[in-house]
There are 2 protein chains.
Amino acid sequence: MVKEEFKLENQLCFRLYSASRLITQAYHPLLTKQGLTYPQYLVLLVLWEKDAQPVNDIAKRLLLETNTVTPLLQRMEKEGILTRTKGEKDARQIIVSLTSKGKKLQEKLADVPFSMGEAVMCDSVTPDTAPDLFRMLDDIINRLLHKTDI
Amino acid sequence: MVKEEFKLENQLCFRLYSASRLITQAYHPLLTKQGLTYPQYLVLLVLWEKDAQPVNDIAKRLLLETNTVTPLLQRMEKEGILTRTKGEKDARQIIVSLTSKGKKLQEKLADVPFSMGEAVMCDSVTPDTAPDLFRMLDDIINRLLHKTDI
DNA sequence: GTTAATTATATCGTTCACGATGCAAATATA
DNA sequence: TATATTTGCATCGTGAACGATATAATTAAC
């Protein structure tokens, strides 16, 4: 008999991992129409909120390392979605700015958040309970971000 | 002003994506000691529950495609954790079985589930509330698995 | 004002994910 | 029993993630 703690059904990690993958898959048809991937869409969310940010700020916002974000931004630059220019104040920084194409994508993707909201709503996840889910996930994220070791 | 639905803070997807990545990172030091990655650990969870399964069953259990699982299993075979042998009944199948090394890993990883449990517990996620979180994630997963389109 | 330490970004190598495609074995159909 | 379809697994190409390492610019220390 398998110990309870080793059963796949009892793993929080597997649920998060699967939910994350499946929701990314759900985004795929919506984003691929505009030639975007899901992490690229996240970059756009960050830049739509505040344009012209250094690589580091974008990475921090997405909780990613720069060695993940840099190639991502390079691909998006090649697609003409954004530009990467040397910082004037600090020559080490690369300032990432949206092109007009990048800005216009927001209108073209206007219905994506609503589509995804509907795709995810179900018996236990409703506008009423979503805040609880958000709080739990935020707590887990913060706990894992700030833990020194396990 | 940025529309509410486009703010990173209002995205369920980003929370799931971040939580999943961070929890995988938390597993890393525990698993890397035994030369394992996180998806490889998931494969072991499946095989510890039931040894000698075809590739397809493992993939279905993990909600992954065989083109993801196959190379993963090939690497684990190279590490001597499992064997891949042709099915006797159905020659198309590859039966994946644990080696003694693969079986012994369960003892060496005995404290991992507990370590991860502690790493994740926080104010809003406790043994009391975890079932609610599990149910919500399961509902989201099932909804996304069974939706025809969005 | 040199030298040392830090910071911002990039490069490299490995492992996933996953769409697209290929191939051989098994099954269904004519 | 030929032929067509389906099924199980593998290969290939692309885009993440991420640890390790490198490089250049800035700042701190002496």
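All values below come from the heavy atoms of this structure, side chains included, with hydrogens, waters and symmetry mates left out. A note on names: the letters A, B, ... follow the listed sequences, proteins ahead of strands, and every chain is numbered from 1.
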Inset, instruction - Quick one: list whatever passes side-chain hydrogen bond (donor to acceptor under 3.5 Å, both in side chains) with B:Q25, sequence neighbours left out. - result: none
Inset, instruction - Output all residues satisfying side-chain hydrogen bond (donor to acceptor under 3.5 Å, both in side chains) with A:E107, sequence neighbours left out; order by chain, then residue number. - result: none
Inset, instruction - Return the residues of residues 61-86 of chain B meeting this criterion: a heavy atom under 4.0 Å from some atom of DNA chain D. Order them by number, or give none. - result: B:T66, B:N67, B:T70, B:Q74, B:R84
Inset, instruction - Could you note down all residue pairs passing ring-ring contact (aromatic ring centres under 6.0 Å, His included) where residues 48-70 of chain B supplies at least one of them, sequence neighbours left out? - result: A:F6-B:W48
Legend entry - Rounded distance (Å) that lies between atom P of D:dA16 and atom NE2 of A:H28: 10 Å
Legend entry - Side-chain heavy-atom pair A:L44, A:L82 within 4.5 angstrom cut-off: no
Legend entry - Leading and trailing nucleotides of DNA chain C with any atom under 4.0 Å from heavy atoms of chain B: C:dT15 to C:dA26
Inset, instruction - Please collect all side chain to side chain donor-acceptor pair (under 3.5 Å) contacts where either partner lies in residues 67-81 of chain A, sequence neighbours excluded, each pair once. - result: A:E77-A:R84
Legend entry - Pairs flagged by side chain to side chain donor-acceptor pair (under 3.5 Å) wherever residues 29-46 of chain B is involved - sequence neighbours left out: none
Legend entry - salt bridge (Lys or Arg N to Asp or Glu O under 4.0 Å) partners of residues 128-145 of chain A, not counting sequence neighbours, each pair once: A:D132-A:R135, A:D138-B:R15
Legend entry - Listed once per pair and sorted, the salt bridge (Lys or Arg N to Asp or Glu O under 4.0 Å) pairs that draw on residues 41-59 of chain A, sequence neighbours left out: A:E49-A:R61
Inset, instruction - Can you sort out the partners of B:N142 under side-chain hydrogen bond (donor to acceptor under 3.5 Å, both in side chains), two or more places apart, ordered by chain and number? - result: none
Legend entry - Any residue of residues 35-53 of chain A with a heavy atom less than 4.0 Å from an atom of DNA chain C: none
Legend entry - A:N10: side-chain hydrogen bond (donor to acceptor under 3.5 Å, both in side chains) partners, not counting sequence neighbours: A:E4
